[in-house]
Peer 1: 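Got a structure here, written out as structure tokens. Questions coming.
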Amino acid sequence: MSEKKVIFSGVKPTGEPTLGNYLGAIKNWVALQDEYECYYCIVDLHAITVPQEPKDLRRRSLEVLAQYIASGIEPEKNTLFFQSHVSAHAELAWVLDCISYMGQLGRMTQYKEKSQKGEENLNAGLFTYPVLMAADILLYQADLVPVGDDQKQHLELARDLAIRFNNRYSETFKVPDIYVSKFGSRIMGLQNPLSKMSKSGDDENDYILLIEDNDTTVRKIKRAVTDSIGLVKYSDEQPGIKNLITIYSKLSGESIEEIESKYEGQGYGKFKTDLSEVVVEGLKPVREKFADLMKNKDYLEKIYTEGAKQAEYVANKTLRKVYKKVGFIPR
Ligand code: ATP
Ligand code: LTN
């Protein structure tokens, strides 16, 4: 058994990953890969809680895998796989469904937002979505789950379910901790800096995609909402500029103070031009590597096949324990 602590995280292939996914999640994973035993999953079962065109889902799932690797997540060091390839996820989710309370699930913000929007396809999967996420995490006995700020509530639920199951049956699951970076764990929209940058938004100027033309990125930054104050200052009164400074800092490694003083007395024009360069340069290696990887589907297939094998071994071990504890007759 490896001595390393375990990490589990995932992105759902519902749309093209954004700069928000990258800065809030994927980029942090890269830094963790040496110290931890990491499982990075493409959570395709979660993706179908909203309607998907099958061929697009297939293409995007592979693209997300390529984006993980292009971002610096090394397949030799981590387990990379598709959630649907390891059936234990759906199986454990069922067992956890049976100890989940409707009331608690109904209070999940993500569900409430979708249901209040009058979503036509308000399916049961959307409601139990966080239970499947708990199953993802608990199957691997994860110590840490690196996610963006928006996932805190789901992580709380995963912890609750682990504790509830352990109390009811006996110690089975590790109770996972959340890992949210102190800064930049919620990248906001470029057009609406009061809500998070989302890949399922309608306005394409609101988000920067991890993979898109450099010219498109530059154009979106040029159009990003600022304000009439005219100062490059990290302040709650200037949510647009605050968000752009966050992006600048996360990608350049310069501190907020350094950025503020660099642009003191200058307008937004110069700041935005430089930010475009920082973003384009920062994403350049990812974009280049991605293009190469997508030309080599055999390589990708090897990685996810091997990944599923490794993941399945660990996941089934936990599932067997769970089945035994709840009273199913062993096979
Ligand atoms: P959608 O926007 O379609 O609801 P999503 O991007 O939130 O999807 P995932 O793809 O599953 O959903 O998210 C993957 C990871 O990216 C999660 O850890 C999530 O917290 C993080 N993340 C998503 N959006 C942002 C954001 N704007 N800022 C920081 N982190 C984010
Ligand atoms: N619910 C998450 C995606 C997700 C996830 C996970 C993240 C599904 N399973 C397990 C971390 C660990 C989201 O909507 N961003």
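As the structure lists them, so they are numbered: ligands from 1, and atoms in each ligand from 1.
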Peer 1: I'd like the name of whichever of E16, K12, Q110, K199 reaches closest to atom 4 (O) of ligand 1 through any heavy atom.
Peer 2: K12

Peer 1: Could you pull out every N or O of ligand 2 that sits under 3.5 Å from a protein N or O, with the distance for each pair?
Peer 2:
{"from": "ligand 2", "atom 1": "1 (N)", "to": "Y129", "atom 2": "OH", "distance (Å)": "2.9"}
{"from": "ligand 2", "atom 1": "1 (N)", "to": "Q151", "atom 2": "OE1", "distance (Å)": "3.1"}
{"from": "ligand 2", "atom 1": "9 (N)", "to": "D136", "atom 2": "OD2", "distance (Å)": "2.7"}
{"from": "ligand 2", "atom 1": "14 (O)", "to": "K12", "atom 2": "NZ", "distance (Å)": "3.0"}
{"from": "ligand 2", "atom 1": "14 (O)", "to": "Y129", "atom 2": "OH", "distance (Å)": "2.5"}
{"from": "ligand 2", "atom 1": "14 (O)", "to": "Q151", "atom 2": "NE2", "distance (Å)": "3.2"}
{"from": "ligand 2", "atom 1": "15 (N)", "to": "Q151", "atom 2": "NE2", "distance (Å)": "3.2"}

Peer 1: Taking atom OG of S84 and atom CG of D44, what is their separation to the nearest 0.5 Å?
Peer 2: 3.5 Å

Peer 1: Roughly how far, to the nearest 0.5 Å, is the OG atom of S100 from the CZ atom of R164?
Peer 2: 6.5 Å

Peer 1: Of the choices P146, S181, A47, G20, which has the non-hydrogen atom that lies closest to atom 25 (C) of ligand 1?
Peer 2: G20

Peer 1: With respect to W29, which candidate in Y68, Y22, F8 satisfies the ring pair (Phe, Tyr, Trp, His ring centres under 6.0 Å) definition?
Peer 2: Y68

Peer 1: Which ligand 1 atoms are under 4.0 Å away from a heavy-atom of M197?
Peer 2: 24 (N), 26 (C), 27 (N)

Peer 1: Whether the Y248 and Y263 side chains hold a donor-acceptor pair (N or O, under 3.5 Å, no angle test) is what I'd like checked.
Peer 2: yes

Peer 1: Just go through D150, V180, V147, T246 and tell me whose heavy atom is the nearest to atom 19 (C) of ligand 1.
Peer 2: D150

Peer 1: Say whether G15 and ligand 1 are in contact under the criterion: heavy-atom distance to a ligand atom below 4.0 Å.
Peer 2: no

Peer 1: Only heavy atoms of S185, strictly under 4.0 Å: list the atoms of ligand 1 that pass.
Peer 2: 28 (N), 29 (C), 30 (N)

Peer 1: Determine whether any heavy atom of G184 lies closer than 4.0 Å to an atom of ligand 1.
Peer 2: no

Peer 1: Do me a favour and list the nearest non-hydrogen protein atom to atom 16 (O) of ligand 1 with residue, atom name and distance?
Peer 2: N21 ND2, 3.1 Å

Peer 1: Taking both backbone and side-chain atoms of G148, is any N or O found less than 3.5 Å from an N or O belonging to ligand 1?
Peer 2: yes

Peer 1: Could you list which atoms of ligand 1 come closer than 4.0 Å to a heavy atom of I187?
Peer 2: 26 (C), 27 (N), 28 (N), 29 (C)

